[in-house]
Amino acid sequence: MRIAMRAVVAGLLAPTLLVLSIAGCASSGDPASTRASAASTATPPGAAIASAHSLSTQAGIDIINQGGNAFDAAVAVSAALSVVEPVSSGIGGGGFFLLHDAKTGRDIFVDARETAPESATPAEYLDKKGELNRDRAMNGPWSAGIPGLPAALVHVAERYGRLPLATSLAPAIRIAREGFPIYPRLEKGYASRRQVMERYRGTREVFLVGGKPPRTGDLFKQADLANTLQLLAEKGHAGFYSGKVADQLLAAVAEEGGRWTAAELAGYQIREREPIKFDYRGWKVVTAPPPSSGGVALAEMLQILQPWKLTNLDAAERTHLVVEAMRRAYRDRTLYLGDPDFVEVPVAMLTDPAYAAGLRATIHPDKATPSVLLSGQPTPMEDDETTHFSIIDTDGNIVSATQTVNLTYGSGMIAPGTGVLLNNEMDDFALRPGTPNAFGVMGFDANAVVAGKRMLSSMTPTYIESSDKLAVLGAPGGSRIITEVLIGILGYDAGMTAQQVAAEPRIHHQWMPDAISSEPGALDAATIKSLKKMGHAVNASEGTWGNLQTVAWDKRENALSGGTDPRNPVGEAKVVLDQP
Ligand code: DON
């Protein structure tokens, strides 16, 4: 068992036990990286955790120090994020947990995606003219799917953890009860969703003090959420999906004009699925299967790019090829992907290297392929809510998890008395096939809404492994999640450190709109000029996006490191070494 060391030692090697941290506010210089004194490549020399808030990273470290494994730590980090980052994820939402169990060598994908309630027929989301009712799709009870995250916490703890669920949930319960300081992203997100959020009694009760929403620096306490997490800790699945909390959720949905049934809540189950696996230039890539679109798209893009040594190309040539791979993968996302329990998804075909070779052959070396020639309709950008965390432990267990309530503060609606903010994941369905959703991503039959079905996701929790290195990564960002992970993998392949991967400038192309989005500084003026000459439209004025959290184990050096996205000042990556 490891012993907790409370002090955080940044950038130093301590002789015995070491906790080393890199926070999002730090510059993107040195990674949180440390090396064991006695080199051994069989298993990592300790544990590493990267998440979007220092309190959730610390919750995981505390559980490791109590003798927990990566799976116990994942429960602690996930639940703590639900408390400290309600703008992004929560127990009223869902997520995906990619696990590697070192003891059995198995890779497991825990699918805790929300499901469509029985009431959610396509007609319910259309207005009188037959157009998509965007308010229903994005706000309040009709926008919410049946939550999946509580079931995942119970499943991961009971099936894979070493500690009781109640122990791993304890840090989140304490933070909810004692409070934590509001930070700018919570305040700004609230301001942007205020009108919707304050429609709902339950939300007003949690967020308004003397009629005013919390401001940066205020202590934010969530007593009801603490009680709900406590019931989950004591009763497991039944603590959320039946009994008091379930009754409160059903009553809240009904009070606001929605329709959920007790049976569909009690019947919610996670699914364990086979991850997608493929090879890329000596790396084994293990990633998210449907109902995520991420793994299929990643397999297409990386296998298209496989023959090129990208680091040998100039920036314009490299960007052109990467963008052409992105364009083709996102076309397929739109047409083919959905919940595999309801539709036949041609995963084997789409992830076959021969299919990638066929797509590669359609890429002109120095001319953009207009997206309309690949058929389809327009799709604009997404913002950067949702949250990802990455964990490696000393036994070699791995967790790569992405969780979400979808848009900023989900549906905006908290069920009174529960502290549970409901998601607005229903907008990820193609509620009106062919009509773009909030962010302009669209779909057709494969992602049409059906009772009990899971909506298509872009969340792409992933890990990659070569003979020298293991890296765990993922990110929020809606449809940009997949390209963030792609760029991260290309960064690791080019020899970057974990922190460099988290900080890397990003570009994105999602087939429609037919334009490259570029973060400031990701492409220089000469590269943009060359790309335009090839026929690419380039939009370099959108600001930044994403919040990538990654940890890595260098097997040769026997060194663990973490990288937290500097775009998010409250994130933190920590490494804790075993005691010799
Ligand atoms: O599952 C998905 O793909 C989306 N609900 C994720 C949403 C997200 O990342 C929010 N930020 N853009």
Side-chain angles (χ1 to χ4, degrees), residues 52 81 85-90 92-98 109-116 137-139 143-149 152 185 188-189 192-193 287-298 329-330 333-334 337-339 379-389 401-412 421-431 436-443 446-447 449 453-462 474-485 506 508 510 517 542-549 565 567-568:
L81 283 166
E85 213 192 14
V87 66
S88 294
S89 79
F96 298 139
F97 290 62
L98 174 66
F109 185 77
V110 177
D111 167 0
R113 188 70 165 157
E114 301 89 332
T115 53
M138 289 167 52
N139 305 320
S143 69
I146 304 297
L149 202 61
R185 197 154 52 91
K188 264 176 42 196
S192 73
R193 292 282 280 159
T287 184
S292 171
S293 56
V296 166
L298 213 48
Y330 276 77
R333 176 195 195 276
T334 310
L337 294 179
D339 181 350
T379 65
M381 66 175 284
E382 303 206 28
D383 63 10
D384 60 354
E385 294 318 328
T386 303
T387 198
H388 177 85
F389 60 92
T402 315
Q403 58 187 49
T404 188
V405 286
N406 195 25
L407 311 180
T408 305
Y409 287 108
S411 68
L421 177 75
L422 297 180
N423 67 84
N424 60 354
E425 223 74 60
M426 293 299 288
D427 195 58
D428 276 351
F429 277 118
L431 289 173
N437 71 2
F439 306 119
V441 178
M442 62 173 178
N447 192 30
V449 62
K453 189 175 173 185
R454 285 153 151 88
M455 56 295 282
L456 183 63
S457 175
S458 298
M459 293 188 289
T460 315
T462 297
S479 61
R480 294 173 188 224
I481 290 171
I482 311 169
T483 53
E484 283 179 65
V485 173
R506 297 178 180 133
H508 174 76
Q510 60 178 42
S517 301
E542 287 174 14
T544 61
W545 62 84
N547 188 356
L548 189 140
Q549 305 293 330
D565 200 320
R567 296 161 186 80
N568 162 38

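Counting convention: from 1, in listed order, for ligands and their atoms alike.
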N or O contact, Gly478 vs ligand 1, cut-off under 3.5 Å: yes
Pairwise distance OG(Ser88) to CG(Asn547) - rounded to 0.5 angstrom: 7.5 Å
Note: Arg454-Glu425 ion pair, threshold 4.0 Å (strictly below): no
Side chain, backbone, both or neither: Asp428 near ligand 1, heavy atoms under 4.0 Å: side chain
Atom pair OG1 (Thr334) and CG (Asn447), whose distance is rounded to the nearest 0.5 Å: 10.0 Å
Salt-bridge contact Asp428-Arg113 (side-chain N to carboxylate O under 4.0 Å): yes
Under 3.5 Å: N/O of Arg113 near N/O of ligand 1: yes
Atoms in ligand 1 with a heavy atom of Met459 nearer than 4.0 Å: 1 (O), 3 (O)
Glu385/Arg193 salt bridge by N-O under 4.0 Å criterion: no
Region of Glu425 that comes within reach of ligand 1 [heavy atoms, distance under 4.0 Å]: side chain
Ligand-residue contact atoms, ligand 1 with Ile481, heavy atoms, under 4.0 Å: 9 (O)
Atoms in ligand 1 with a heavy atom of Ser458 nearer than 4.0 Å: 1 (O), 2 (C), 3 (O)
Parallel, tilted or perpendicular: ring planes of Tyr330 versus His508, cut at 30 and 60 degrees: perpendicular
Distance-only N or O hit between ligand 1 and Pro476, under 3.5 Å: no
